[in-house]
Peer 1: 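First, the structure itself, so that you have it in front of you.
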Amino acid sequence: MKESNKKVVIGVVAAVVIVAGGMIYSHNKPSKSINGNNVEINNNQGNKPASDSTSENSKEDPKNKIVKNDDLTKKITSENIVIDGQVYVQGEYAMGTMIIKDNVSQDKITKVAQEYANKLKSQYKDKKVNVQAVQNGKNVANITVK
């Protein structure tokens, strides 16, 4: 796999982890009991009221939003060669990832990856498409359709 493609994949995975962690943290704000009353702890370090922080999140660039395609994710994970996978859209890309079972031939992996690249391109005509497959920790398919 090309080094630049590895960097894109690693960047996307890192972004997903960061976004998920931020969402979990924002929903689990710590509270403290003072004199028997629960008090929300606000770690807002600026001079803005805490309520302004939600309006800052709404200003986030929509290009960075990750949207999972549940329908294609279900289809890709139901393939008999796939252990797990996901299909999602972020910015100008529609992406599919697959973790492939051991002892599956390269031809079969390439065929399935190409099939989902074509499905993604037909569904997201205005997006660049990238489908990757990993087997035994190695990237065994990387299909890009522009």
Side-chain angles (χ1 to χ4, degrees), residues 1-32 38 40-146:
M1 180 166 103
K2 293 182 180 178
E3 189 68 27
S4 62
N5 288 338
K6 285 182 182 178
K7 289 179 182 178
V8 169
V9 171
I10 290 170
V12 169
V13 170
V16 170
V17 169
I18 290 169
V19 169
M23 290 174 55
I24 291 169
Y25 177 76
S26 68
H27 291 293
N28 294 322
K29 290 184 179 178
S31 63
K32 185 176 182 180
N38 282 335
E40 185 176 306
I41 298 171
N42 184 358
N43 291 330
N44 185 16
Q45 297 186 6
N47 293 328
K48 298 178 193 174
S51 61
D52 283 354
S53 65
T54 56
S55 64
E56 287 176 17
N57 291 341
S58 65
K59 294 177 187 176
E60 191 174 302
D61 190 355
K63 290 180 183 177
N64 294 331
K65 185 175 181 181
I66 298 171
V67 179
K68 182 178 176 184
N69 182 320
D70 290 324
D71 182 47
L72 280 178
T73 295
K74 286 178 186 175
K75 288 179 182 176
I76 209 168
T77 55
S78 69
E79 291 286 336
N80 64 349
I81 69 166
V82 176
I83 296 170
D84 198 9
Q86 187 173 17
V87 176
Y88 54 96
V89 177
Q90 182 181 24
E92 61 186 39
Y93 288 93
M95 295 171 269
T97 59
M98 299 180 285
I99 299 173
I100 305 296
K101 294 177 181 177
D102 294 344
N103 302 320
V104 176
S105 71
Q106 182 64 49
D107 289 341
K108 181 68 175 170
I109 295 168
T110 303
K111 180 181 175 187
V112 172
Q114 186 65 57
E115 175 187 343
Y116 280 93
N118 294 340
K119 285 181 182 182
L120 278 168
K121 190 60 180 178
S122 68
Q123 189 167 350
Y124 300 102
K125 291 177 179 28
D126 61 328
K127 307 275 186 199
K128 296 175 187 172
V129 171
N130 182 255
V131 175
Q132 296 188 7
V134 175
Q135 183 183 49
N136 296 321
K138 294 180 183 177
N139 192 316
V140 292
N142 185 15
I143 297 174
T144 303
V145 182
K146 294 185 180 191

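The figures that follow rest on heavy atoms only: side chains count, while hydrogens, waters and symmetry mates do not. We're numbering straight along the sequence, starting at 1. Computed from a predicted structure; not experimentally measured.
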Peer 1: For the atom pair NZ (Lys146) and CG (Asn130), what is the distance rounded to the nearest 0.5 Å?
Peer 2: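 With rounding to 0.5 Å, NZ (Lys146) is 10.0 Å from CG (Asn130).
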
Peer 1: Which heavy atom of Lys101 sits nearest to which heavy atom of Val104, and what is that distance?
Peer 2: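 Nearest pair, atom of Lys101 first, then Val104: O-CG2, 3.4 Å.
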
Peer 1: Nearest 0.5 Å, what's the CD1-CD1 distance between Ile99 and Ile81?
Peer 2: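 Between atom CD1 of Ile99 and atom CD1 of Ile81 there are 12.5 Å.
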
Peer 1: Any idea which heavy atoms bring Lys68 and Thr73 closest together, and the distance?
Peer 2: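 Closest approach of Lys68 to Thr73, heavy atoms only: CE-CG2, 3.6 Å.
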
Peer 1: Do Thr110 and Gln114 have side-chain N/O donor and acceptor atoms under 3.5 Å apart?
Peer 2: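 The criterion, which ignores hydrogens and geometry beyond distance, is not satisfied for Gln114 and Thr110.
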
Peer 1: Any chance you could measure Met98, atom CE, to Thr77, atom OG1, to the nearest 0.5 Å?
Peer 2: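 Separation between the atoms: 11.5 Å.
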
Peer 1: Checking Lys127 side chain against Gln90 main chain: does a donor-acceptor pair fall under 3.5 Å?
Peer 2: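 It does not hold such a pair.
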
Peer 1: For residues Asn136 and Asp102, determine if any side-chain heavy atom of one lies less than 4.5 Å from a side-chain heavy atom of the other.
Peer 2: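 They are in side-chain contact.
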
Peer 1: Mind listing the closest non-hydrogen atom pair of Ile109 and Ala133 along with its distance?
Peer 2: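 Looking at all heavy atoms of both residues, the shortest contact is CG2-CB, 3.8 Å.
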
Peer 1: Counting C-beta onward and ignoring hydrogens, is there a side-chain heavy-atom pair between Tyr88 and Thr97 closer than 4.5 Å?
Peer 2: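 Tyr88 vs Thr97: side chains touch.
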
Peer 1: Between Glu115 and Lys111 (salt bridge meaning N to carboxylate O under 4.0 Å), is one present in this structure?
Peer 2: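 No, Glu115 and Lys111 are not salt-bridged.
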
Peer 1: Measure the CD1-CG distance between Ile76 and Leu120 for me, rounded to the nearest 0.5 Å.
Peer 2: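 The distance works out to 7.5 Å.
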
Peer 1: Do Lys128 and Thr144 come within less than 4.5 Å of each other through their side chains, counting heavy atoms only?
Peer 2: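 Counting from C-beta outward, Lys128 and Thr144 never come under 4.5 Å.
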
Peer 1: Check Ser122 against Lys125 and note the closest heavy-atom contact, atom names and distance.
Peer 2: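 Heavy atoms of Ser122 and Lys125 come nearest at O-NZ, 2.8 Å.
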
Peer 1: Rounded to the nearest 0.5 Å, what's the gap from NZ on Lys108 to CG on Asn103? Could you check?
Peer 2: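 Spacing of NZ (Lys108) from CG (Asn103) equals 15.0 Å.
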
Peer 1: Roughly how far, to the nearest 0.5 Å, is CE of Met95 from CD1 of Ile66?
Peer 2: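 Answer for the CD1-CE pair, Ile66 versus Met95, is 7.0 Å.
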
Peer 1: For the residue pair Lys75 and Tyr116, what are the closest heavy atoms and their distance?
Peer 2: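 Nearest pair, atom of Lys75 first, then Tyr116: O-OH, 3.1 Å.
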
Peer 1: Less than 4.5 Å apart, any side-chain heavy atom of Lys119 and any of Val87?
Peer 2: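 The answer is no, as the side chains (C-beta and beyond) never meet within the 4.5 Å cut-off.
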
Peer 1: Go through the steps for Ile100 and Val82 under the test side chain to side chain contact (heavy atoms under 4.5 Å, CB included), then give the verdict.
Peer 2: CA-CA 5 Å; Ile100 305 296; Val82 176; 4.2 Å; yes

Peer 1: Minimum heavy-atom separation for Val129 to Ala117, with atom names?
Peer 2: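 Result for this residue pair: CG1-O, 3.7 Å.
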
